[in-house]
Chemist: 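What follows is a single structure, and I will ask about it in a moment.
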Amino acid sequence: METKQFKAESKRLLDLMINSIYTHREIFLRELISNASDAIDKIYYKSLSDDNINFNKENFFIKVSIDKENRTIKISDTGIGMNKEELDNNLGVIAKSGSLQFKKENEIKDGYDIIGQFGVGFYSSFLIADKVTVITKAFGSNEAYKWESTGVEGYTIEPSTKDTVGTDIILHVKTNTDDENFDEYLNEYKIQSLIKKYSDFIRYPIKMDLTERKLKEGTESEYEDYIEEKVVNSMVPIWRKNKNELTQEDYSNFYKEKHYGFDTPLKHIHLSVDGTVSYNAILYIPENMPYDFYTKDYEKGLELYSNGVMIMNKCSDLLPDYFGFVKGIVDSEDLSLNISREILQHDRQLRFIAKNIKNKIKSELEKMLRNERENYEKFYKAFGRTLKFGVYDNFGAEKEVLEDLLMFYSSKEKKMVTLDEYVTRMAEDQKYIYYAVGESIDRIEKMPQTELLLDKGYEILYFTDDIDEFAIKMLMKYKEKEFKSVSSSDLGIENNDEENKVEENNEENKSLFDAMKDILSDKISSVKVSKKLKNHPVCLSNEGDLSIEMEKLLNSMPNNQGVKAEKVLEINTNHEVFISLKDAYENDKDKFNLYTNLLYNQALLIEGLSISDPVEFTNNICKLMK
Ligand code: ADP
Ligand code: MG
């Protein structure tokens, strides 16, 4: 018999697990029972569509037995079992690439919840066992197999015998060490309490042989022990329980048991809805972003049960994309068991539930924003981007649902604020909600375009996420107030004296500006006197719907269309550089040409755009220095 090696990644993970901190060890039981329950689910589900399978509830259960003498715990189930190939495939590789990827991207830090991170199920056996034996017979097969492993060394598979379909997992418990007590896992009360703690809601009976005590027959004060097989779990699924009976810990244990995430959820929502469509649901808002959340590998969805029977692992129709981070389970007795995936989408009941859930999530988030600001900001940091995508998606169809959940960094408050907070604070003479777009808060703070607005004491929202401006363009208004970029050529600040002065100024310098425009030709659409610059000589602003930031983003995408924003070169006529420019215009055409190009390139650089000929630019500067 040959010993097979675990796949390389499994080996490393196994190593990590076996040596992980002891407080995690007890979760092995939760993992094995959950697998057993899954295996029974599979055969149960099959029986619903196959008349040949006689699903008699009595015959399906999980049994946990302890053998102190041989130091073993056995977890038996009457589930679907595994054939040889399945044994090899399912127990030979630990985690799918997902968790490995995660580990690569997030160098594991000290004190991290390693086990929780992986949820590697079956392999948690090795937390307490030095040898694991699996004896299994698959449904529909006459052969049984034995899988055995002592850990990182590898595993063996050989033919075996087993009377009934199902799986026995036998753990040989490690011996105590100086600082760790493994014997406790051979104690029936300990095991019983672990089942209660982690697996109480499992829908199949979990049986144990428990030691009871009774009066010895014929005596009045002598007692004797006897063994009785008892069901240890209550079998009521957590989502069917009364909220008042459940603790925070119950909810987070369930989250972990289900492997919904590597974190502790920020919030749970427990729904028991009675009405046209009745359903129970437990929904979670995770604290951290799953490592693959913003990739196409991420699959949103909720577990879907019909009257206690799982019909779908990830029902994506239950969640809009923008709430795709929500995890959890929905169980409804009003759903037909036989619905297929395609029909599901058109199922009236399901659509009703989905709408209900959407509204509930929205209102819970709003509540969190009002009452638990710190938690909300944590949430927003992880998932705000997906909300903004939601505003933009589908031509803004859902923008009303989401607008009150948005937050942006404020120039005034120096922290995240909501649009409502912004609008409530707006100055009386302020017409627009102003925003500035840039790579980082630091970069935006240095933008010359913000000078005038900040001077007037207006608040500016900083957009540092590339989706921000697209989302806001889709939103168009918030509470009747339109949005305006600080880079737009007209900031909409009314000041007649000032306007007139600028107009006069534009007239006065018309021929100079025309000459500049000639030199720069189609790189810009016009040259104008700036109304917003104070300390800087030039900046770019834009006219039309496409902003310079959007141009940058669109052109950075594959197969871009080479779109161009309409750029205006704004000149600060109060700056001393303007005097030199004017002088050159009147007396030295070459110099004027040089200055115009330099100013234009400066404006590009400030805007974070690249200049087309950096060598020429530096040569030009050298010319000036000579
Ligand atoms: P997961 O449960 O997340 O798939 P596990 O490591 O817990 O990961 O289990 C790996 C696979 O092994 C399961 O998906 C299942 O196919 C198989 N398996 C484990 N335990 C059992 C069992 N008791 N009966 C049948 N199959 C099992
Ligand atoms: Mg599992």
Side-chain angles (χ1 to χ4, degrees), residues 4 6-7 9-11 13-14 16-18 24 27-46 59-65 73-100 102 114-129 132-141 143-149 151 155 157 160 162 164-171 195 198-199 202-207 253-262 290 299 303 310 313-314 327:
K4 295 195 187 189
F6 286 108
K7 304 266 156 51
E9 67 265 32
S10 308
K11 234 171 163 168
L13 214 47
L14 206 50
L16 256 173
M17 291 208 25
I18 294 169
H24 290 295
I27 60 112
F28 77 94
L29 193 58
R30 166 189 93 188
E31 295 298 329
L32 296 180
I33 288 177
S34 138
N35 286 350
S37 164
D38 288 350
I40 302 178
D41 266 347
K42 283 176 195 160
I43 207 164
Y44 182 29
Y45 191 52
K46 249 194 162 93
N59 297 336
F60 293 90
F61 60 86
I62 297 161
K63 178 147 186 186
V64 181
S65 333
I73 309 173
K74 182 164 80 175
I75 296 101
S76 306
D77 68 64
T78 55
I80 199 152
M82 283 176 273
N83 60 29
K84 193 177 174 200
E85 200 182 328
E86 286 166 338
L87 264 179
D88 206 16
N89 289 341
N90 298 341
L91 306 186
V93 191
I94 293 198
K96 317 277 137 59
S97 58
S99 27
L100 195 78
F102 180 85
I114 295 172
I115 302 306
Q117 301 279 346
F118 295 111
V120 278
F122 173 76
Y123 289 86
S124 56
S125 313
F126 290 103
L127 290 170
I128 65 129
V132 180
T133 310
V134 179
I135 298 172
T136 182
K137 187 172 176 181
F139 172 74
S141 158
E143 291 152 17
Y145 288 94
K146 182 166 109 179
W147 180 101
E148 201 160 64
S149 169
Y155 60 93
I157 298 178
S160 182
K162 191 175 183 305
T164 51
V165 167
T167 304
D168 293 343
I169 313 258
I170 302 147
L171 310 176
I195 295 175
Y198 291 113
S199 313
I202 292 285
R203 289 176 300 119
Y204 306 102
I206 304 171
K207 298 178 183 175
N253 274 338
F254 183 66
Y255 182 86
K256 294 224 159 80
E257 202 276 340
K258 286 288 187 182
H259 300 315
Y260 285 151
F262 307 134
E299 258 184 275
E303 272 183 90
M310 206 229 262
N313 217 341
K314 271 196 177 160
K327 302 283 180 191

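Model, not experiment: these values are computed from the prediction. Quick note: residue numbers are just sequence positions, from 1. Each ligand, and each atom within it, is numbered from 1 in the order the structure gives.
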Chemist: Taking 2.8 Å as the cut-off, does Ser34 contribute an N, O or S atom near the Mg ion (ligand 2), distance below it?
Modeler: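 So Ser34 does not bind the Mg ion (ligand 2) by this criterion.
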Chemist: Using a strict cut-off of 4.0 Å, indicate which atoms of ligand 1 neighbour a heavy atom of Leu91.
Modeler: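 Taking each heavy atom of Leu91 in turn, ligand 1 has 12 (O) under 4.0 Å.
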Chemist: What pairs with Lys327 under side chain to side chain donor-acceptor pair (under 3.5 Å), at least two apart in sequence or on another chain?
Modeler: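 If we apply the side chain to side chain donor-acceptor pair (under 3.5 Å) test to Lys327, skipping adjacent residues, the hits are Tyr298.
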Chemist: Decide whether an N or O pair under 3.5 Å exists between Phe122 and ligand 1.
Modeler: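 N/O-N/O distance below 3.5 Å exists for this pair.
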Chemist: Please state which option from Asn35, Ile62, Thr78, Leu32 has its nearest heavy atom closest to atom 2 (O) of ligand 1.
Modeler: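 Result: the heavy atom closest to atom 2 (O) of ligand 1 is in Asn35.
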Chemist: Any nitrogen or oxygen of Asn90 lying under 3.5 Å from a nitrogen or oxygen in ligand 1? Just yes or no.
Modeler: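 Yes; the residue has a nitrogen or oxygen that sits under 3.5 Å from a nitrogen or oxygen of the ligand.
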Chemist: Start with the C-alpha gap between Leu32 and Phe122, add the side-chain angles, then the distance that decides, and say whether side chain to side chain contact (heavy atoms under 4.5 Å, CB included) holds.
Modeler: CA-CA 6 Å; Leu32 296 180; Phe122 173 76; 4.1 Å; yes
Chemist: Scan side-chain atoms only and decide if Glu303 and Tyr260 contain a donor-acceptor pair under the 3.5 Å cut-off.
Modeler: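 Distance-only check passes for Glu303 and Tyr260.
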Chemist: Ligand 1 versus Asp77, non-hydrogen atoms closer than 4.0 Å: side chain, backbone, both, neither?
Modeler: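 Under 4.0 Å from ligand 1, Asp77 contributes side-chain atoms alone.
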Chemist: Report the residues that fulfil side chain to side chain donor-acceptor pair (under 3.5 Å) with Asn83, sequence neighbours left out, ordered by chain and then residue number.
Modeler: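 Not a single residue meets the side chain to side chain donor-acceptor pair (under 3.5 Å) criterion with Asn83.
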Chemist: Pick whichever of Lys42, Glu86, Met82, Glu31 has a heavy atom sitting closest to atom 27 (C) of ligand 1.
Modeler: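 The residue whose heavy atom sits nearest atom 27 (C) of ligand 1 is Met82.
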Chemist: Pick from Ile157, Asn90, Ile170, Ile169: which one makes a side-chain contact (heavy atoms from CB on, under 4.5 Å) with Val134?
Modeler: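 The single option meeting the side-chain contact (heavy atoms from CB on, under 4.5 Å) with Val134 is Ile169.
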Chemist: Provide the number and element of each atom of ligand 1 under 4.0 Å from a heavy atom of Ala39.
Modeler: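 This gives 24 (N), 25 (C) as the contact atoms.
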Chemist: Which word best sums up how the rings of Tyr204 and Tyr44 line up, parallel for under 30°, tilted for 30 to 60°, or perpendicular for over 60°?
Modeler: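 Geometry flag for Tyr44 against Tyr204: perpendicular rings.
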